[in-house]
Every structure is written in C-alpha cells, then in structure tokens.
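First up is the structure itself, then whatever we jot down about it.
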Amino acid sequence: MAKQYTKNLIKTEFLKLAEHKSLKNITIAELAEKCEINRNTFYYHYADIYTLVKEILSDEIKKVDEEFNATFSWEESLLHAASFILDNKKATQNIYKSIDKKDIDEYLYKICEAVMKKYIENECDAKNISAKERDKEIIVNFYSVALVGLFDNWIQDGMKDSPEEVIFRVGKLFDGNIERSLRRSQMLAN
C-alpha cells in the first residue's frame with residue numbers, strides 16, 4: 001500500500017511540475033523534494049523521468065479500457081478517454097515536446113483503438129451485424145489513425161480549439177459511416 005501511495009504521489013507531483021516546465025527542466029532532485037522523499041526512493045520506483053511518463057500514459061490506457069461506457073457514442077467515449085489530456089493540457093504539451101513523437105502517437109493510437117474496438121463490437125452486437133473480423137480491424141485502424149492525426153494537430157496547434165467541437169463535428173460529418181462499413185462487410189466475399 002505504501003509503495004502505491006508513493007508512486008501516486010510521484011505521478012501527481014510530476015504532473016504539477018510538468019504544467020510549468022518541460023521534461024528536460026524537471027530534475028529527480030526537484031521532484032523528490034516536492035514529494036518529500038529522497039532520490040533513491042524515486043529510483044526504487046522508476047529508472048528515470050521517461051519511465052515515469054510511460055507508466056502514467058500506460059495507466060491512462062488501462063483506465064480507458066476499464067471505464068468504457070457502452071451507452072456513449074464513439075465521440076463521447078473518445079472525449080472521456082482523452083480526459084487526461086484535457087485535464088493536463090500544459091503538461092501534455094510539455095510532455096509532447098519532450099518525448100519521442102512515436103511514444104505519444106503510440107499512446108494516442110492505443111486510446112483511439114481501445115475506444116473504437118469497443119464501440120464497433122457494441123455496434124455489431126446491438127444491431128446484429130455480422131461483420132468480418134478482418135474488416136472490423138481495418139475500420140478500427142482507419143478511424144484510430146485518423147483520430148491520432150487530429151489529436152497530433154490539435155496538440156501541435158497549442159490545444160486552442162475545443163476538442164469537443166472538433167470531435168463532435170467529425171462525428172456529424174461521418175455519421176453512419178461505421179455502421180454502413182460494418183454492414184458492407186457482411187455482404188463482401190472474403
């Protein structure tokens with residue numbers, strides 16, 4: 001229990017620092033001081049700041065998977081899944097600028113993929129659609145990649161626009177396309 005408390009404390013204090021500083025300007029000594037722990041305690045839990053960031057992102061992906069709500073539209077689910085980004089805008093920008101873009105894109109992809117997979121499975125179940133598994137994977141991948149691109153642009157542009165506005169606009173523009181694609185899958189030969 002104490003181990004988890006310390007890890008949560010480190011994550012919380014790190015995010016507070018990341019709201020005001022880039023990762024390269026956050027030191028282990030400073031973070032340890034904010035947490036009122038010694039540096040060795042930090043190193044007991046994490047190899048470095050980047051390991052800490054990867055765990056924070058990994059925790060968020062698990063949360064997305066656990067908190068999926070089948071009654072939400074994919075747009076609502078995606079916004080709920082992106083709540084970490086929305087709640088920590090400045091920290092997200094600082095992290096985005098400081099770590100490999102590949103790691104951020106992988107995180108964003110996993111969030112979008114988790115949301116779209118569950119949404120598509122729910123659509124198939126609720127509407128009795130027998131789409132082929134490979135086609136479902138293609139649809140999930142297509143929407144996930146497109147949404148990662150939207151998130152990337154939004155973060156790079158300083159997160160000024162309302163993400164709700166953009167996501168719901170995309171939903172309106174492409175309304176019905178997922179269901180139509182799943183229904184077409186039933187009719188297509190292998």
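Numbers here are sequence positions counted from 1. In this text the structure is predicted, and so the values were computed from the model without any measurement.
Note: Ile129 CD1 to Lys136 NZ = 9.5 Å, rounded to the nearest 0.5 Å. Here the CD atom belonging to Glu164 is positioned 15.5 Å from the CZ atom belonging to Arg169, to the nearest 0.5 angstrom. Rounded to the nearest 0.5 Å, atoms NZ (Lys117) and SG (Cys112) are 13.0 Å apart. Note that the CG atom of Asp135 and the CD1 atom of Ile120 stand 10.5 Å from one another [nearest 0.5 Å]. We find the CD-OG distance between Glu133 and Ser185 to be 9.0 Å, quoted to the nearest 0.5 Å. Here Lys63 contributes atom NZ and Asp59 contributes atom CG; the two are 8.5 Å apart, rounded to the nearest 0.5 Å.
The closest side-chain heavy-atom distance from Trp154 to Val166 is not below 4.5 Å. Counting heavy atoms from C-beta outward, Leu147 and Trp74 have side chains that approach closer than 4.5 Å. You'll find the side chain of Phe142 stays beyond 4.5 Å of the side chain of Asn177, heavy atoms only. Under the 4.5 Å side-chain criterion, counting only non-hydrogen atoms from C-beta, Tyr44 is not in contact with Asn38. Here the side chains of Phe151 and Asp105 are not in contact, with every heavy-atom distance at 4.5 Å or above. Contact annotation: the side chain of Ile37 never approaches that of Leu31 to less than 4.5 Å [non-hydrogen atoms, C-beta and beyond]. Residues Ile178 and Tyr119 form a side-chain contact, since some pair of their non-hydrogen atoms from C-beta on lies under 4.5 Å apart. Within the 4.5 Å cutoff, no side-chain heavy atoms of Met116 are placed close to those of Ile139.
A distance-only check finds a donor-acceptor pair linking the side chain of Ser98 to the backbone of Leu23 [under 3.5 Å]. Under a 3.5 Å cut-off, the side chain of Lys34 and the backbone N or O of Glu13 do not form any donor-acceptor pair. Remark: the backbone N or O of Arg183 is not paired with any side-chain donor or acceptor of Lys127 at under 3.5 angstrom.
When the side chains of ILVMFWY residues are joined at heavy-atom separations under 4.5 Å, either directly or via intervening members, Leu79 and Met159 end up in a single hydrophobic cluster. When hydrophobic clusters are built by joining Ile, Leu, Val, Met, Phe, Trp and Tyr residues whose side-chain heavy atoms come closer than 4.5 Å, directly or via intermediates, Leu173 is grouped together with Leu150. In the hydrophobic clustering of this structure, Phe72 does not group with Ile167; members are Ile, Leu, Val, Met, Phe, Trp, Tyr whose side-chain heavy atoms approach within less than 4.5 Å, directly or through other members. Each of Ile138 and Val148 belongs to its own hydrophobic cluster when Ile, Leu, Val, Met, Phe, Trp and Tyr are linked at side-chain heavy-atom distances under 4.5 angstrom.
No hydrogens or angles considered: a donor-acceptor pair under 3.5 Å links the side chains of Tyr96 and Gln156. There is a side-chain donor-acceptor pair under 3.5 Å between Gln4 and Asn8.
No salt bridge links Lys118 with Glu121; every basic N to acidic carboxylate O contact stays at or beyond 4.0 Å.
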Worksheet item: Could you walk me through whether Tyr143 and Leu78 pass the side-chain contact (heavy atoms from CB on, under 4.5 Å) check?
Response: CA-CA 11 Å; Tyr143 278 90; Leu78 187 61; over 6 Å; no
Practice prompt. Dump the intermediate steps for side chain to side chain donor-acceptor pair (under 3.5 Å) on Ser22 and Asn25, then the final yes or no.
Written response: CA-CA 5 Å; Ser22 68; Asn25 292 325; 3.1 Å; yes
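Heavy atoms only, all atoms of each residue included: Asn94 and Ala18 are closest at ND2-O, 2.6 Å. Taking each heavy atom of Glu75 and Phe168 in turn, the nearest pair found is CB-CE2, 3.6 Å.
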Could you list the donor-acceptor pairs under 3.5 angstrom formed between side-chain atoms of residues 50-58 and any protein atom two or more places apart in sequence or on another chain?
unit_1, atom_1, unit_2, atom_2, d
Thr51, OG1, Asp48, OD1, 2.7
Glu55, OE1, Lys7, NZ, 3.1
Glu55, OE2, Lys7, NZ, 3.2
Glu55, OE2, Lys11, NZ, 2.9
Glu55, OE2, Tyr46, OH, 3.0

Could you list the donor-acceptor pairs under 3.5 angstrom formed by side chains in residues 81-92, with sequence neighbours left out?
unit_1, atom_1, unit_2, atom_2, d
Ser83, OG, His80, O, 3.0
Asn88, ND2, Phe84, O, 2.9
Thr92, OG1, Asn88, O, 2.8

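Lys110 NZ: 12 or fewer foreign heavy atoms inside a 6.0 Å radius.
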